Amino acid sequence: MTDDRLTVLVVEDNPVQARLIQGLLERSAAPSFQVELTDTLAQGIRRMEEGGVDAVLLDLMLPDSEELETFSRFHAHADETPVVILSGLDDMALAARAVEGGAQDYLVKDRIEGPALVRSLRYAIDRARARSAEWHSPMLRLAQQQFLKAAQLMGLDDNIRQRLLFPERTLLVSFPFRRDDRAEVETVFGYRVQHVLTMGPTKGGIRYHPGVNLGEVSALAMWMTWKCGLMHLPFGGAKGGVRVDPTALSRSELQRLTRRYTSEIFPIIGPERDIPAPDMGTNEQVMAWLMDTYSQQHGHAVPTVVTGKPVVLGGSLGRKEATGRGLVYLVEEAARTVGLDLEGATAVVQGFGNVGSHAARFLAEDGVKVVAVSDVSGGIHNDRGLDLEAVEAHVRENRVLQGFPEADPITNRELLELPCDVLAPCALQSQITAENASRIRCRILAEGANGPTTLEADDILTEEGVFVLPDILANAGGVTVSYFEWVQGTQNYMWTLEQINERLRQAVAAAFRRVHARSEREEVDMRTAALMEGAARVSEAKLSRGLFP
Ligand code: GLU
């Protein structure tokens, strides 16, 4: 999994000060920092040239340079990296001038304390990212490359190709929410992106994660478009997010954040406009708060504004398990296609959140031996198969997999390379890359996560003969039951769990057949075929509506 730690370079020649700062930063858990110390300007500059520094704390009085000269020489090498000046009480005028010249902030050394230091660095990094990197996202690059490849192979109308590379509508908001101690107010960035508005309301989850930016949300919205298209759902793709670490927030903070975010995106969401749902870092409860906030503005309950809400508020039976369940229905289809008997087959699942834990459970119900699973704390492995009930009980008690007694610990990287029949990455993006793809030893790769495989890795997997169930197909069970939830809400008529699961099975099996047939017909891999299915439908819809004005 990706390391969310921020690297901070401290350029300070007073060892006591430097160590004090290091101690304060290393005590912070969210965000967590890796601190590197240097005591001369020359060394600091050399470290910057190596790259990978997220922020710098710079003392202006160093053995090899003094005053503003220090800042201007350093700044020339800092590029977009935010620099916070460490100032003595009597040098504050100097520090203020450095800020005028491009430093992000200054801190007075004698008054430095933990929370203020962490906050200053976090905001400096946030501002730098917001300024320079809103569209900069490996996920957006991947989504666009995948789409361009499919568009070229299918000879997609050039006007439509240009139209689909970026979202049709994006909303970027920055907004405050109050921390529990009441004194502190946090300002965070939030997004809602609608990729295609042609075929009905837009649809897609909301993600709370520290890495969220406009590019990432746009990539995810684009994938939602293809997902809805290939599943024949009457939606365009959307996605939303807030750049925040939800694990660092209390329940009441999460509620205030969600309510304020909802009111910020209020003008562009609604049952006929754009319908959010859960994604990474959000859940049923967050959807309930969203629905309540939206309903307060209308003066009556509007359950159809979100899906993935609690059943008691009009949520659908089976929605919570739907992504994992859909994934396993697709694994069943793929196993039939490659001639694999699932009874006694082996599986490895990366990620033990809502998608991964349900996928593991349903695989086991099919007679598959789940030999390894993982979460942020690392993985656990047992060749004889894991007792998933015991694993779930362990997670309920300890919150993480780490320490599960009846298995060996394994890293997330090692886990991906275990020999198995079914590998299901259900965690983060960019897990299977050019670097490890040739060591992946599964027959079926079922992508529960969005964007777990890079384009270069795709070519290697195809060469190795791995049968890939691409993300936009493999995890489409979630949005499909979201569609069922929206239909049930609109009609005020609820279905049984059996009806839901049966319709889900039919929907994903039909989508599998369409994608597989196209992949054989056009002689392309399953991912390209799935993208073509989605893009062809959007293109047809756009051409039938025509151009306004
Ligand atoms: N966030 C999920 C996804 O990526 C579900 C979206 C939805 O249900 O609208 O597909």
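The structure displayed is predicted, hence computed values, not measured ones. As the structure lists them, so they are numbered: ligands from 1, and atoms in each ligand from 1.
The nearest protein atom to atom 7 (C) of ligand 1, hydrogens excluded, is given as Ala277 CB, 3.3 Å; this is a heavy-atom distance. Nearest protein heavy-atom contact of atom 10 (O) of ligand 1 is Lys227 NZ, 2.7 Å.
We find that Glu485 and Lys309 are joined by a salt bridge, their nearest charged nitrogen and carboxylate oxygen being less than 4.0 Å apart. Between Lys203 and Asp274, none of the side-chain N atoms (NZ, or NE/NH1/NH2) sits under 4.0 Å from a carboxylate O, so this pair counts as no salt bridge. Ion pairing between a basic and an acidic side chain is recognised when a charged N comes within 4.0 Å of a carboxylate O; Arg319 and Glu284 show no such pairing.
The closest donor-acceptor contact from the side chain of Ser539 to the backbone of Ala535 lies at 3.5 Å or more, if one exists at all.
Against a heavy-atom cut-off of under 4.0 Å, Gly205 is close to the following atoms of ligand 1: 1 (N), 6 (C). Against a heavy-atom cut-off of under 4.0 Å, Ser482 is close to the following atoms of ligand 1: 7 (C), 8 (O), 9 (O). In the vicinity of Lys203, heavy-atom distances shorter than 4.0 Å reach the ligand 1 atoms 7 (C), 9 (O). Taking a cut-off of under 4.0 Å to the non-hydrogen atoms of Asn450, the atoms of ligand 1 that pass are 4 (O). The contact set between ligand 1 and Met224, taken as ligand atoms under 4.0 Å from a residue heavy atom, comprises 3 (C), 4 (O), 6 (C), 10 (O).
Screening Leu327, Thr453, Ile432, Leu330 for a side chain to side chain contact (heavy atoms under 4.5 Å, CB included) involving Glu447 leaves a single residue, Thr453.
Nearest to atom 5 (C) of ligand 1 by heavy-atom distance, out of Lys239, Met280, Arg319, Arg207, is Arg319.
Distance CD/Glu498 to CG/Leu317: 9.0 Å, rounded to 0.5 Å. Distance check: Ser316 OG to Gln499 CD gives 10.5 Å after rounding to the nearest 0.5 Å.
Cation-pi check for Arg260 over Phe175 is not met; the charged atom does not lie both under 6.0 angstrom from the ring centroid and within 45 degrees of its normal.
Remark: ligand 1 and Asp279 share an N or O pair separated by less than 3.5 Å (distance only, no angle test). Considering backbone and side-chain atoms together, Ile275 places no N or O closer than 3.5 Å to any N or O of ligand 1.
Heavy atoms of Pro278 approach ligand 1 to within less than 4.0 angstrom. Gly204 counts as a contact of ligand 1, since one of its heavy atoms falls under 4.0 Å from the ligand.
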